[in-house]
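Here the structure is a predicted model, which is why all the values come from computation and not from measurement.
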Amino acid sequence: MVVHESRMDTTLPPGLYIVATPIGNLGDITLRSVEVLRGVSAVACEDTRVTGKLLSHLGIKQKLIRYDDHASEETREHLLRLAGGQAIALVSDAGTPLISDPGYRLIRSAREAGVAITSLPGPSALVVALTLSGLPNDRFLFAGFLPNKDKARRDVLAELSGVPATLLFYETAPRLCAALAAINDVLPSREVAVARELTKRFEECRSGTPQELIAHYSAHPPKGEIVLVIAPPGEAEPEEFDIDALLTAALKTEKASQAASQVSKLTGLDRKLLYTRAMELK
Ligand code: SAM
């Protein structure tokens, strides 16, 4: 009689397994992810302490290999060689790997090398924020972190101001008010949701105009991790305004730059584009 060991049936085929992990609530990990984390030969992770804690919470002992996209080519090749013959998991500190987290280079190289890849779905802060925000979700654009420098931050907002989709950005608590100030300058008429500490004890999702949110968070400095969700341009917005008439009226009393700022505040349109048009009208 031939007896198949059940281990034989459950042994994971070789390859890279992208495993999403909780973004706060440790219960948010799928059964399949736990199985894979238990069944692989090693786990590539950003921070061995962070992943070590999660695995110990799950009662899993695993070999951990530190990996991020700045890792040397050798480390990447080592992981790819391993994944050619064994099952290797890739996790980040929290959420879905590659989403503003390491993994892109590894997965790109794995595809080029013909290594099998499996992606296990799970938590990602952007999806939790989008679904909580009450803002349109039929079209959305996730743009990672807003830049740290003020000018670059405003440039990104101006660049995306015309995109007919809800915008999502990752943010940190110390930078929230600066980000809201930039949104207030570039997209003042948009509804914004600040989704904070998602899936954690002090989770909140606060909506308002950029101005209202600045007032709130200046008085109550936030803590924790944040996703900013910005409503798309109102459908009637650009057509409803006669931009030339507004600029011409403003130019009667203001310089082109001031006129552009005023009209930008009123319409939510890009100040730079309005400035160019104001100069043409002068
Ligand atoms: N890969 C992760 C994901 O799938 O969501 C994102 C990693 S990124 C380095 C970290 C950023 O994600 C934080 O600065 C914050 O903007 C957002 N984030 C992660 N966890 C969050 C949470 N529990 N609540 C709100 N935002 C969170």
* Structure fact -> Those residues at least two apart in sequence (or on a different chain) that pass salt bridge (Lys or Arg N to Asp or Glu O under 4.0 Å) with Asp69 are none
* List in chain and number order the residues that pass salt bridge (Lys or Arg N to Asp or Glu O under 4.0 Å) with Arg206, two or more places apart in sequence or in another chain; answer none if no residue qualifies. => Glu204
* Structure fact -> Paired with Leu168, the side-chain contact (heavy atoms from CB on, under 4.5 Å) test is passed by just one of Leu228, Val227, Leu141, namely Val227
* To do: Please report the shortest heavy-atom distance between Pro233 and Ala165, naming the atom on each side.
  => CD-N, 4.3 Å
* Asked: Mind checking what makes side chain to side chain donor-acceptor pair (under 3.5 Å) contact with Lys151, not counting sequence neighbours?
  -> Asp155
* To do: Could you verify whether a donor N or O on one side chain and an acceptor N or O on the other, from Ser264 and Ser261, lie under 3.5 Å apart?
  => no
* To do: Compare every heavy atom of Gln62 with every heavy atom of Ser41, then report the nearest pair and how far apart it is.
  => O-OE1, 3.5 Å
* Structure fact -> Taking every heavy atom of Glu171 against every heavy atom of Ala179, the minimum-distance pair comes out as OE2-CB, 3.7 Å
* Name of the residue among His78, Glu74, Glu73 meeting side-chain hydrogen bond (donor to acceptor under 3.5 Å, both in side chains) with Arg76 -> Glu73
* Asked: How close do Ala87 and Tyr17 get, heavy atom to heavy atom, and via which atoms?
  -> CB-CE1, 3.6 Å
* Asked: Yes or no on salt bridge (charged side-chain N to carboxylate O under 4.0 Å, His left out) for Arg38 and Glu35, after CA distance, side-chain angles and deciding distance?
  -> CA-CA 5 Å; Arg38 191 168 280 132; Glu35 241 173 61; over 6 Å; no
* **Ser207 backbone acceptor or donor facing Glu191 side chain under 3.5 Å** => no
